[in-house]
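What follows is a short report on a single structure.
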Number of protein chains: 2
Amino acid sequence: MTLKQLEAFYWAASAASFGVAAERLHVSQSTLSKRIAELEAQLRKDLFDRSGHRAMLTEAGEQLLPLARRMLGLADEMRTLVAEGGGVRGHCRFGVGELAALTWLPDFVAFVRATYPDLVLEPQVDLGAALEQRLESGELDFAVVAGYSSRSAIASEAIAEVRFSWAASPALVGAQRVITAKLLQDTALITMPAAAGPTRMLEHWLAVNNLEAGRRLTCNNLAAIAGLIAAGVGIGLFPNGWLKQMAERGSVVELRSRPALPALEYTIQWRRDDSRPLLQKIREAVRETVDFSKPSPLW
Amino acid sequence: MTLKQLEAFYWAASAASFGVAAERLHVSQSTLSKRIAELEAQLRKDLFDRSGHRAMLTEAGEQLLPLARRMLGLADEMRTLVAEGGGVRGHCRFGVGELAALTWLPDFVAFVRATYPDLVLEPQVDLGAALEQRLESGELDFAVVAGYSSRSAIASEAIAEVRFSWAASPALVGAQRVITAKLLQDTALITMPAAAGPTRMLEHWLAVNNLEAGRRLTCNNLAAIAGLIAAGVGIGLFPNGWLKQMAERGSVVELRSRPALPALEYTIQWRRDDSRPLLQKIREAVRETVDFSKPSPLW
DNA sequence: CACTCTTACGGCACCCGTAAGAATC
DNA sequence: GATTCTTACGGGTGCCGTAAGAGTG
């Protein structure tokens, strides 16, 4: 019986499939399969029922799982106990929404690289819903997205409230500085995909205020959206920090709306069953660096 | 970091020396040394201070030790959890005194072999004091000896009270059936070495009753002593069970004494820090089979 | 046919034990 | 010099990844 075998068993049992678990452990799927088979041979007991399409835990496997969990936790405890520099090492895969990717991500990565030089970060930018699913399936260690997760296996902690304002090119709106029903009807509304946090917030606001948008333009790239708005293609939302900087340069103007747009709450999400010290340090680092109003260094 | 490394570390830290730990784990001493070195390299921290003649735990080692202990305990828990047949496997080294070796040992070995066919027993016969030391040094898993241990690291549990009687050849004592001061003076007293439990009990009895023995004959082999007594060389003590059987054959007679010899308490002793399920099963087996009055199958 | 897991197999790395070396008492 | 631990080294094996196979839905 080895720690590698137990690690393979634990992740295979708690991730969505052997393949996901293998990827997470940075080994081939065949290696992971063999490690589990060897553990089963060692214990002379099947831990997975392979009769179906996907491997399911047997009763023995269910019993072993919490012990394996404690074992791996203990191993982590050992590593952190003796490591003087906090002892955060290895790989960390995480997901961020577009907004976070373009504002906070560079600072976060710089901070983590400075604080934990032995930690390799692997950020992945996607929509919150997709990230949540990959988080639950074990592909990611944590995610920073808009809103709380509704999944029981995932914990959420609020880290920031982001305020948005309407923005448009001065060439598009002339002297108008207020959002009106007519303006919404007459100009294109440029947004992220419907599943994105800011878009959901916007749709909710429109519905509550009995407003309807005319033409829609959806783009899955926030930087591209900013470019489109600045180019006068349509109106859209900018986080306040961006708007301020771009307004100073005269490339866009702020449009006021009544009522104002609500703040959008961003959270860090992680698997409840992941108690690694790594994750606690990472959460500290997120809280330490969080700032979604900072303009992208790109413009 | 592997379980083998942690096992090596744990036993090296809690046994008397690397050599003893290596023997216990059935690996060469160089292998054990390397496993520890690899663990230290892995953790980037020295666990032993090798500057002196023998390796001493560093502070980091002291901190790690309880975690390693919990880890190995967890591993044992896993093995027993999934093992249906009680799951007692592997090797078990233990010590027994001469008396236990000649009476209870065969029954015990037979019982254990029948109950736990995958367990390999390695009994070692020696004096209680020597066994205790080897127990503490990690060479033995448990010992069955006379009296309680005074060492704090060793736990003792009473398992039997053994009563002894004086015995002599009828040719030696004629019609006399009572121990007198004169008899003790005139005939040789045949005993086990001074450190043996029955001998210590006897010496105490002599001192309390202000008696002195004349010639002494010490032998480290209980079966040989029995032969010497039956041959009329001198008087000595037999456990009551033996005496009864030999008296029926007429080879020896019982001599009464006033006051009677006190009972001698036998215990099973084990290291307090050894919480393996194996040991609990073994203790059950000992209690199940314990009987020191049974005559040796040899005569 | 897509998906998931297992098996076969070649190659490499790791780990073991023997034997010699270094250091302490 | 005896004891304790480390280092050097040859040999075997255990483990990895690639690729093909088997079974399910």
Side-chain angles (χ1 to χ4, degrees), chain A residues 1-58 60-61 64-65 90-91 133-134 136-139, chain B residues 1-58 60-61 64-65 90-91 133-134 136-139:
Chain A
M1 193 165 64
T2 72
L3 283 176
K4 282 181 178 179
Q5 287 169 3
L6 290 167
E7 202 176 27
F9 164 69
Y10 175 73
W11 282 108
S14 62
S17 73
F18 281 24
V20 172
E23 204 171 316
R24 148 146 233 154
L25 294 176
H26 302 104
V27 297
S28 75
Q29 194 261 13
S30 111
T31 294
L32 184 114
S33 176
K34 200 133 68 102
R35 282 186 187 171
I36 293 171
E38 274 160 5
L39 179 60
E40 290 174 316
Q42 170 73 228
L43 297 175
R44 300 164 195 276
K45 197 107 179 180
D46 281 356
L47 300 173
F48 285 95
D49 171 13
R50 279 110 161 155
S51 65
H53 186 55
R54 47 197 321 116
M56 302 286 295
L57 273 181
T58 62
L64 195 65
L65 192 56
H91 289 250
Q133 192 185 333
R134 295 166 77 181
E136 190 169 41
S137 81
E139 291 175 68
Chain B
M1 193 164 67
T2 71
L3 283 175
K4 283 182 178 178
Q5 288 168 2
L6 289 166
E7 200 176 30
F9 164 70
Y10 175 73
W11 282 107
S14 63
S17 72
F18 282 24
V20 171
E23 203 171 317
R24 151 144 231 157
L25 294 176
H26 302 104
V27 296
S28 75
Q29 194 261 13
S30 113
T31 294
L32 184 115
S33 176
K34 199 134 67 102
R35 282 185 186 172
I36 294 171
E38 274 161 5
L39 180 60
E40 289 174 316
Q42 170 74 229
L43 298 174
R44 301 162 193 276
K45 197 106 178 182
D46 282 357
L47 300 173
F48 286 95
D49 171 13
R50 278 111 163 155
S51 64
H53 184 56
R54 47 196 321 116
M56 301 287 293
L57 272 182
T58 61
L64 196 66
L65 191 55
H91 288 249
Q133 192 184 334
R134 297 166 75 181
E136 189 168 41
S137 82
E139 291 174 68

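In what follows, chains carry the letters A, B, and so on, assigned in the order in which the sequence lines appear, proteins first and then strands, with residues in each chain numbered from 1. Because the structure is a prediction, the values reported are computed rather than measured.
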Subject >> Partners meeting ring-ring contact (aromatic ring centres under 6.0 Å, His included) with A:Tyr10 (sequence neighbours left out) >> reply: none
Subject >> Any residue meeting side chain to side chain donor-acceptor pair (under 3.5 Å) with B:Arg54, in chain and number order, not counting sequence neighbours >> reply: none
Side chains of residues 28-39 of chain B: which donor-acceptor pairs under 3.5 Å do they make with residues two or more places apart or in other chains?
from    : atom 1 : to      : atom 2 : distance (Å)
B:Ser28 : OG     : B:Thr31 : N      : 3.1
B:Ser28 : OG     : B:Thr31 : OG1    : 2.9

**OP:** Using side chain to side chain donor-acceptor pair (under 3.5 Å) as the criterion, list what pairs up with B:Arg50, not counting sequence neighbours.
**Re:** B:Glu40
**OP:** Please report the closest heavy-atom contact between A:Thr58 and A:Phe48, naming both atoms and the distance.
**Re:** CG2-C, 3.5 Å
Original post:
Considering the terminal five base pairs at each end of the helix from C:dC1-D:dG25 to C:dC25-D:dG1, what angle separates the two local helix axes, rounded to 10°?
Top reply: 30°
**OP:** Can you measure from OG1 (B:Thr2) to NZ (B:Lys4) and round to the nearest 0.5 angstrom?
**Re:** 7.5 Å
**OP:** Measure the CG-CG distance between B:Leu57 and B:Leu47 for me, rounded to the nearest 0.5 Å.
**Re:** 8.0 Å
Subject >> Nearest atoms (heavy-atom pairs only) where A:Ser137 meets A:Arg134 >> reply: OG-O, 3.2 Å
Original post:
Tell me, for nucleotides 20-25 of chain C in 5' to 3' order, what letter each nucleotide earns: B for a base near a protein heavy atom under 4.0 Å, S for only sugar-phosphate near one, - for neither?
Top reply: ----BS
Original post:
Any side-chain N or O of B:Thr31 less than 4.0 Å from the OP1 or OP2 oxygen of C:dG17?
Top reply: yes
Contacts table for residues 15-23 of chain B: side-chain donor-acceptor under 3.5 angstrom, sequence neighbours left out:
from    : atom 1 : to      : atom 2 : distance (Å)
B:Ser17 : OG     : B:Gly19 : N      : 3.3
B:Ser17 : OG     : B:Val20 : N      : 3.3
B:Glu23 : OE2    : B:Arg93 : NH1    : 3.4

**OP:** State, yes or no, whether a side-chain contact exists between B:Leu3 and A:Leu3 at a heavy-atom distance under 4.5 Å.
**Re:** yes
**OP:** Return the value, rounded to whole Å, for the distance between atom CG of A:Asp46 and atom P of C:dC5.
**Re:** 15 Å
Subject >> Within residues 8-23 of chain A: residues closer than 4.0 Å to DNA chain D (heavy atoms) >> reply: none
Subject >> Start and end of chain A contact along DNA chain D [non-hydrogen atoms, under 4.0 Å] >> reply: D:dC15 to D:dG25
**OP:** Just jot down the salt bridge (charged side-chain N to carboxylate O under 4.0 Å, His left out) partners of B:Glu7, sequence neighbours excluded, or say none.
**Re:** none
Subject >> Residues which pass ring-ring contact (aromatic ring centres under 6.0 Å, His included) with B:His91, listed by chain and number, not counting sequence neighbours >> reply: B:His26
**OP:** Output the residues of residues 33-43 of chain A in contact with DNA chain C, where contact means a heavy atom of the residue under 4.0 Å from an atom of the strand; sort by number or write none.
**Re:** A:Ser33
